[in-house]
Amino acid sequence: MPVQDLDKIFQEKIDDEIKIEPKDWMPEAYRKTNTRQISQHAHSEIVGMLPEGNWISRAPTLKRKAILIAKVQDEAGHGLYLYSAAETLGMSREEMINDLHSGKAKYSSIFNYPTITWADMGAIGWLVDGAAIMNQVMLTRTSYGPYARAMVRICKEESFHQRQGFEILLVLSRGSKEQKEMCQDAINRWWWPSLMMFGPKDSESTNSDQSMKWKIKRKTNDELRRNFVDMIAEQIKTLGMKLPDDNLKWNEKRKHYDFGEINWEEFWNVVKGNGPCNKQRLDARKKAWENGAWVREAAAAYAKKKASSPASGGTKGGALVAA
Ligand code: 3HC
């Protein structure tokens with residue numbers, strides 16, 4: 001069948017809300033966009049473990065420590081689901097990891113900022129995971145089946161992450177003068193980078209138009225960012241804190257909050273690898289990969305041994321007996 005016909009059938013499936021599955025025909029550009037987005041998303045999850053992992057040994061109580069460990073482990077799990085989903089498109093995990101380490105593949109700008117105080121754990125949960133959920137609820141309905149299914153569970157876990165972050169800040173906001181200041185300071189530092197997570201303005205977004213047509217994305221970067229601002233501008237009232245934006249104001253006509261201009265120069269600087277912690281994050285990931293080499297080798301050797309044992313139907317040489 002000519003490619004134009006295949007393209008037409010493919011778009012009809014998308015328009016009819018039929019999920020695209022790994023063995024279905026798909027345009028190469030659809031495969032490429034999903035591989036790019038899902039693998040970048042996976043990288044964000046595992047790099048995202050680092051800023052919070054930094055506070056596990058310094059959590060203020062045993063209970064806080066247990067919760068933080070669980071949260072960081074959840075992020076590792078999300079990375080694994082997402083790498084698996086990306087692999088169904090034909091790229092090997094090793095290739096994806098190599099692209100992360102070489103700087104070819106991106107990961108979310110947000111994880112290149114430092115975590116300076118305990119209140120940062122609250123701000124990350126509330127703002128960063130809050131921004132992530134705003135984007136990811138949309139992705140539970142993305143057109144590529146394995147990605148959509150992975151996102152359902154991820155969103156449930158992210159909701160818990162956001163609540164635990166808010167609760168950390170709530171306790172601080174009702175504490176001593178120093179605790180209140182620490183809470184406000186963390187909000188001040190994480191607010192603008194959280195807004196940057198949604199990506200460039202729609203007018204600058206190179207992938208959005210095509211990704212909306214293919215229903216990979218169902219809302220634009222600006223729409224999601226606007227919804228996030230509306231949500232947080234209300235929630236912050238419970239904390240009795242302020243968002244660091246003098247232009248934040250309810251607009252009765254638009255039925256949305258107006259807000260100030262994002263520093264796009266800072267955003268692109270961080271995306272290009274020059275943020276406060278880019279080097280530190282990549283170095284930590286490379287070190288973890290090197291230190292984990294023996295685990296991967298042992299697992300591969302065990303799998304080979306198991307495949308070649310007579311009980312598993314394998315041969316001594318390791319090749320599987322044809323069924
Ligand atoms: N950080 C780094 N790069 C970003 C970025 C960000 N915040 N936002 C956009 N970019 C990059 C894009 O990847 C793209 O680069 P590329 O074409 O070279 O890959 C370029 O900037 C232009 O942006 P577009 O708007 O055209 O890109 P997309 O259509 O891909 O939209 C996105 C960007 C909304 C982030 C989309 O990729 C997406 O929805 N991704 C899945 C969700 C995700 O990755 N979230 C990251 C956070 S995960 C997380 O926070 C974990 C949680 O547990 C805390």
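Order of listing sets the numbers, starting from 1, for every ligand and every atom in it.
With salt bridges taken as basic N to acidic carboxylate O contacts below 4.0 Å, one links Arg189 and Asp185. The existence of a salt bridge linking Lys19 and Asp24 is excluded, since no basic side-chain nitrogen approaches an acidic carboxylate oxygen closer than 4.0 Å. Salt bridge annotation for Lys8-Asp5: absent, with no cationic side-chain nitrogen under 4.0 angstrom from a carboxylate oxygen. For Arg153 and Glu158, the salt-bridge test fails: no basic side-chain N is under 4.0 Å from an acidic carboxylate O.
The protein atom (non-hydrogen) at minimum distance from atom 34 (C) of ligand 1 is Asn135 ND2, 3.6 Å. Closest to atom 8 (N) of ligand 1 among all protein heavy atoms lies Gly199 CA, 3.2 Å. Nearest to atom 29 (O) of ligand 1 among the protein's heavy atoms is Lys217 NZ, 2.7 Å. At the shortest separation from atom 54 (C) of ligand 1 among protein heavy atoms lies Asp129 OD2, 3.5 Å. What sits closest to atom 14 (C) of ligand 1 on the protein, heavy atoms only, is Asn207 ND2, 3.7 Å. Closest protein heavy atom to atom 16 (P) of ligand 1: Lys106 NZ, 3.5 Å. For atom 7 (N) of ligand 1, the closest heavy atom belonging to the protein is Ser109 OG, 3.1 Å. Nearest protein neighbour of atom 52 (C) of ligand 1, counting heavy atoms only, is Glu158 OE2, 3.3 Å.
At a 3.5 angstrom cut-off on N or O pairs, Gln40 counts as close to ligand 1. Polar contact with ligand 1: present for Thr206 (N/O pair, distance under 3.5 Å). Residue Ser44 has no nitrogen or oxygen atom sitting less than 3.5 Å from a nitrogen or oxygen atom of ligand 1, judged on distance alone. When only interatomic distances are considered, the shortest N/O to N/O separation between His161 and ligand 1 does not fall below 3.5 Å.
Not a single donor-acceptor pair under 3.5 Å links the side chain of Arg285 to the backbone N or O of Gln280. Judged by distance alone, the side chain of Ser143 and the main-chain N or O of Trp214 form a donor-acceptor pair under 3.5 Å. Counting only distance, with no hydrogens or angles, the side chain of Ser102 and the backbone of Asp99 share a donor-acceptor pair below 3.5 Å. Put simply, the side chain of Ser159 gets close to the backbone of Cys155: a donor and an acceptor are under 3.5 Å apart.
Under the 6.0 Å distance and 45° angle rule, Arg64 does not count as a cation-pi partner of Trp55.
When distances from atom 5 (C) of ligand 1 to the protein are checked, a heavy atom turns up under 4.0 Å.
Note that the SG atom of Cys277 and the CZ atom of Phe111 stand 12.5 Å from one another [nearest 0.5 Å].
Selection from His78, Lys219, Arg36 by nearest heavy atom to atom 19 (O) of ligand 1 gives Arg36. Heavy-atom proximity to atom 49 (C) of ligand 1, evaluated over Phe267, Tyr107, Trp268, Phe111, is greatest for Phe111.
Here Trp294 sits in one hydrophobic cluster together with Val295; the rule is ILVMFWY side chains under 4.5 Å apart, joined directly or through other members.
Remark: distances from the non-hydrogen atoms of Leu139 to ligand 1 include one below 4.0 Å. In this structure, Ser211 falls outside the shell of residues with a heavy atom less than 4.0 angstrom from ligand 1.
Every atom of ligand 1 is numbered from 1 in the order shown, and the set under 4.0 Å from a heavy atom of Glu75 is 52 (C), 53 (O). Counting the atoms of ligand 1 from 1 in the order shown, those under 4.0 Å from a heavy atom of Gln136 are 48 (S). Residue contact check: Met196 has heavy atoms under 4.0 Å from atoms 7 (N) of ligand 1. Atoms of ligand 1 lying under 4.0 Å from any heavy atom of Ser205, numbered from 1 in the order shown and given with element: 24 (P), 25 (O), 26 (O). Ligand 1 places these atoms under 4.0 Å from at least one heavy atom of Tyr147: 41 (C).
A 6.0 Å sphere centred on CG of Asp246 holds no more than 12 heavy atoms belonging to other residues, nucleotides or ligands. Few gaps surround NZ on Lys286; more than 12 heavy atoms of other groups in view lie less than 6.0 Å from it.
Taking the centre of each ring, Tyr83 and His43 come in below the 6.0 Å mark.
Contacts of Ile124 with ligand 1, taken as heavy-atom pairs under 4.0 Å, are absent altogether. With a heavy-atom cut-off of 4.0 Å, Gln37 touches ligand 1 through its side chain alone.
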